Protein chains: 4
Amino acid sequence: MSEKPENPENPEKPDGPGKRRTADERPVRRQARGERRIAQLLEAAASVFCTTGYTAASTNAIAREAGVSPGTLYQFFPNKEAIAIELGDRLMHEMRDAYGEALAPVDPATPLEEAVAAAVDRFIDFNCRHPVFFTLMHGPDVPGRMAEQHDALHATLIARVEALLGPFLPDTPAADVRRTAQVCVGIYKAGLELVLAHEGAEREAYVRELKNVLVRYLAPLIVD
Amino acid sequence: MSEKPENPENPEKPDGPGKRRTADERPVRRQARGERRIAQLLEAAASVFCTTGYTAASTNAIAREAGVSPGTLYQFFPNKEAIAIELGDRLMHEMRDAYGEALAPVDPATPLEEAVAAAVDRFIDFNCRHPVFFTLMHGPDVPGRMAEQHDALHATLIARVEALLGPFLPDTPAADVRRTAQVCVGIYKAGLELVLAHEGAEREAYVRELKNVLVRYLAPLIVD
Amino acid sequence: MSEKPENPENPEKPDGPGKRRTADERPVRRQARGERRIAQLLEAAASVFCTTGYTAASTNAIAREAGVSPGTLYQFFPNKEAIAIELGDRLMHEMRDAYGEALAPVDPATPLEEAVAAAVDRFIDFNCRHPVFFTLMHGPDVPGRMAEQHDALHATLIARVEALLGPFLPDTPAADVRRTAQVCVGIYKAGLELVLAHEGAEREAYVRELKNVLVRYLAPLIVD
Amino acid sequence: MSEKPENPENPEKPDGPGKRRTADERPVRRQARGERRIAQLLEAAASVFCTTGYTAASTNAIAREAGVSPGTLYQFFPNKEAIAIELGDRLMHEMRDAYGEALAPVDPATPLEEAVAAAVDRFIDFNCRHPVFFTLMHGPDVPGRMAEQHDALHATLIARVEALLGPFLPDTPAADVRRTAQVCVGIYKAGLELVLAHEGAEREAYVRELKNVLVRYLAPLIVD
DNA sequence: GATGAATGAGGATTCATTCAT
DNA sequence: TATGAATGAATCCTCATTCAT
């Protein structure tokens with residue numbers, strides 16, 4: 001959220017990482033109203049992606065859902081992909097902002113159960129508040145920048161989990177840690193799907209199972 | 001299944017699995033050529049689904065891949081959904097035919113490791129020979145009969161796994177067995193994705209991890 | 001019905017009026033089985049034309065309705081138009097056969113009411129037994145041989161009515177008689193539509209009205 | 001056509017008749033250009049319907065005739081049916097606007113000849129200026145909303161004629177008046193077809209005949 | 001003759017994207 | 001900026017017709 005602070009009077013600082021450009025490199029300058037529009041559009045996109053999936057989502061539908069005209073949408077995003085990408089970026093940042101501190105360095109003395117439970121609970125919570133995340137995780141059937149976006153999202157998650165695992169696996173080769181992280185994320189995603197597919201007590205039961213899977217998988221790997 | 005009495009002189013080799021009926025009509029009389037076309041089309045569809053995903057796959061692309069005209073495709077399938085459904089059906093049948101016996105009743109005395117390893121190996125093998133299966137497992141963003149198809153595929157898998165688990169969990173309530181099966185299938189799918197994403201030694205490593213996850217998850221549930 | 005008596009042994013008498021040729025001039029030879037097929041197909045066509053209209057009727061639908069394959073249909077008719085044309089021909093002939101004698105020469109001494117009533121009753125009866133007739137009367141939105149067919153049907157009707165009117169209008173110029181016939185046929189058609197659109201007593205009432213319209217229209221034209 | 005109050009300072013004059021709403025949405029805001037396009041498209045549709053009939057008319061042909069791309073057509077009409085419906089609506093309104101006052105209440109003292117002649121002349125005139133009207137009168141072979149549209153058109157006509165007849169048939173039961181109106185409209189339509197099919201003096205002659213038919217049909221029903 | 005297969009152009013409709021106002 | 005209009009290629013699907021068996 002904090003990466004487009006352009007004020008109209010100072011539009012052209014050399015591109016920082018937050019500076020966004022449309023595909024054909026006209027700098028996009030955004031004002032307060034613009035930010036609101038963007039938020040509006042991303043929200044709409046999230047909603048549409050959730051209901052129809054990325055591929056079947058139409059930009060017109062997104063614009064309509066956002067209550068603006070197609071033209072307006074294209075004033076802020078150069079194409080459909082860019083919407084998904086920006087959406088993913090924001091989710092990643094929000095994830096970082098919200099859970100970054102908490103997730104990253106964990107005292108290795110923490111019992112595994114606790115660490116896993118905390119991580120899973122946060123992850124589930126985050127996904128319930130942002131159902132698109134799940135949709136975006138399942139990547140776009142088609143290759144393209146959208147796939148990169150998906151990969152970036154994924155990579156972020158992996159990195160996060162690696163960081164989380166690190167302290168517990170001090171003597172494990174990096175490659176193995178990475179693989180373990182990949183497996184954990186895979187389990188996460190699978191579990192999430194089951195959790196989201198159920199409600200109430202059953203959902204709780206699946207949350208417990210997810211934790212069980214992870215704990216049992218990781219426990220033997222950990223040196224005490 | 002005995003409904004193609006084509007020529008009176010050579011009435012009936014027992015119907016192969018390709019025998020079809022339209023919802024509202026007499027049995028569809030198919031010539032050998034037609035059966036071949038269907039296989040061809042399904043193969044083409046499998047290929048296209050794998051590359052572009054179900055939603056983005058176009059019937060024209062499938063026809064082109066199969067080397068026939070669009071009209072021909074529609075002679076055999078009323079719409080895109082039907083292709084995916086038939087494809088799923090055939091995969092399910094093939095799965096049943098190929099692994100049914102092996103998977104279903106397992107001697108509870110078999111060590112868990114062995115049972116899991118065998119099941120995983122077969123599953124992976126099956127999926128490597130039929131990459132579409134994975135694509136179809138990742139249901140269609142959109143509802144419709146296609147979703148039912150997906151659910152059917154899923155349900156079949158679940159049932160299969162339940163049957164597999166049964167002997168190992170004699171005293172567990174059915175609901176818990178079912179949940180456990182769901183979790184196992186979820187893990188399967190997640191693991192499969194990782195396995196397919198890697199090659200050679202790394203792939204082997206992921207296969208091992210997948211087995212580990214399952215074994216460690218299941219071991220504590222099992223009564224000795 | 002009597003116009004295709006070709007027996008296979010003597011296929012090539014110079015074309016009598018009943019001899020039919022496909023567009024590209026291969027003589028079509030028909031045998032008993034063929035006649036049955038043709039009748040079957042025409043019946044099916046009549047049914048389909050009635051339900052969907054000529055334009056929207058598909059040859060495949062006709063073939064299906066007839067319980068034969070598309071190929072078979074094209075063995076007997078070179079195209080869709082030809083089906084309608086043949087259908088019209090047969091209806092015209094049937095009309096001639098059934099009512100020819102009755103309609104043609106009427107004793108001018110017959111009271112007009114009686115003559116009109118008889119003609120209308122027959123006409124209505126004929127149309128109720130052959131609902132396609134009405135459909136074909138409304139001609140094909142598109143020009144082509146089908147239009148000629150329609151015109152032929154129409155012309156036949158007109159001629160018939162002219163013949164009927166003749167004795168009643170001995171001193172009227174031919175052009176006027178013709179115009180009067182056209183008007184009568186128009187009224188017929190309009191009335192028929194109303195009659196067919198109603199049932200029971202209401203239908204009877206419309207039949208009466210139709211007769212009234214005609215009688216009142218014609219009465220003043222007639223010299224006593 | 002005052003329905004484009006675009007700017008927020010001039011928010012909402014009560015919807016004029018041209019204001020359109022999609023079934024499920026906010027009022028459609030149309031620019032002047034759009035209104036023009038719609039008129040253009042309807043004109044094109046009218047022309048195409050006249051030449052090929054409704055069923056055989058293709059939206060692509062309509063768009064081409066209007067000189068726009070298919071997409072543009074669909075910006076204004078959800079499908080072919082909607083075009084015909086809107087066309088019918090506009091014709092009905094124009095008929096009402098143009099002849100409403102004139103047709104509706106007629107002094108029963110007016111001689112029947114005069115009343116009929118006036119009505120016929122206006123009707124013929126209207127149809128000559130709007131040849132689609134005739135096409136639309138000949139309902140769509142197929143059922144659907146289009147049929148309703150046709151029925152609405154028809155019903156409007158009937159109502160109009162009933163109103164016209166009312167004063168002349170004060171003591172006739174409503175059902176009979178309605179039937180008489182139906183018959184008159186039927187005669188009208190049949191006569192129109194003949195009139196349109198001829199030119200010059202012959203056309204005039206058919207107009208006279210049409211009037212004769214109606215007058216002679218109605219005269220005996222009228223109480224003096 | 002009969003069948004089902006095959007064709008391919010055409011029709012309705014959608015959609016990402018660009019344009020004019 | 002914002003809007004609705006415009007585009008045209010692409011989709012799904014149909015249909016008259018021809019072909020191979």
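It should be emphasised that the depicted structure is a prediction, and the values quoted were computed from it without experimental measurement. Order of the sequence lines sets the chain letters (A, B, ...), proteins ahead of strands, with each chain counted from 1.
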Original post:
Quick one: is the NZ or CZ of D/Lys80 closer than 6.0 Å to the six-membered ring centre of D/Phe49, and within 45° of its axis?
Top reply: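 That pair does not qualify as a cation-pi contact.
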Whole-Å gap separating [atom2] ([N]) and [atom1] ([X]):
{"X": "A/Arg37", "N": "F/dT1", "atom1": "CZ", "atom2": "C1'", "answer": "9 Å"}
{"X": "C/Phe76", "N": "E/dG1", "atom1": "CZ", "atom2": "C1'", "answer": "7 Å"}
{"X": "D/Gln75", "N": "F/dT3", "atom1": "CD", "atom2": "P", "answer": "14 Å"}
{"X": "A/Leu41", "N": "F/dT3", "atom1": "CG", "atom2": "P", "answer": "10 Å"}
{"X": "B/Glu35", "N": "E/dA6", "atom1": "CD", "atom2": "P", "answer": "12 Å"}
{"X": "C/Ile62", "N": "F/dT14", "atom1": "CD1", "atom2": "P", "answer": "17 Å"}
{"X": "B/Gln40", "N": "E/dA5", "atom1": "CD", "atom2": "P", "answer": "13 Å"}
{"X": "B/Phe77", "N": "E/dA5", "atom1": "CZ", "atom2": "P", "answer": "12 Å"}

Subject >> Per-nucleotide protein contact string for nucleotides 15-21 of chain E (B base, S sugar-phosphate only, - none; heavy atom under 4.0 Å) >> reply: BBBBB--
Return all side-chain donor-acceptor pairs below 3.5 angstrom for residues 58-68 of chain D, not counting sequence neighbours, or 'none' if the list is empty.
residue, atom, partner, partner atom, Å
D/Ser58, OG, D/Asn60, N, 3.4
D/Ser58, OG, D/Ala61, N, 2.8
D/Thr59, OG1, D/Tyr74, OH, 3.4
D/Glu65, OE2, D/Ser47, OG, 3.3

Original post:
Roughly how far apart are A/Tyr54 OH and A/Ile83 CD1, rounded to 0.5 Å?
Top reply: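 One finds 8.0 Å between OH of A/Tyr54 and CD1 of A/Ile83.
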Would you indicate whether the side-chain heavy atoms of [Y] and [X] approach each other to under 4.5 Å?
{"X": "D/Leu42", "Y": "D/Arg90", "result": "yes"}
{"X": "B/Ile38", "Y": "B/Phe77", "result": "yes"}
{"X": "B/Ser69", "Y": "B/Thr72", "result": "yes"}

**OP:** Could you summarise the pairing of DNA chain E as dot-bracket text, marking Watson-Crick and G-U pairs under 3.5 Å with ( ) or [ ] inside the strand and | across strands?
**Re:** .||||||||||||||||||||
**OP:** Search all heavy atoms of C/Thr55 against all heavy atoms of D/Ala56 and return the closest pair with its distance.
**Re:**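 Scanning both residues completely, I find the closest heavy atoms to be CG2-CB, 3.7 Å.
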**OP:** List in chain and number order the residues that pass side-chain hydrogen bond (donor to acceptor under 3.5 Å, both in side chains) with D/Gln40, two or more places apart in sequence or in another chain; answer none if no residue qualifies.
**Re:**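 In terms of side-chain hydrogen bond (donor to acceptor under 3.5 Å, both in side chains), with neighbours along the sequence ignored, D/Gln40 is linked to D/Arg37.
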Original post:
Among all residues two or more places apart in sequence or in another chain, which pass the side chain to side chain contact (heavy atoms under 4.5 Å, CB included) test with C/Arg36?
Top reply: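 Scan of C/Arg36 (side chain to side chain contact (heavy atoms under 4.5 Å, CB included), adjacent residues dropped) gives C/Arg33.
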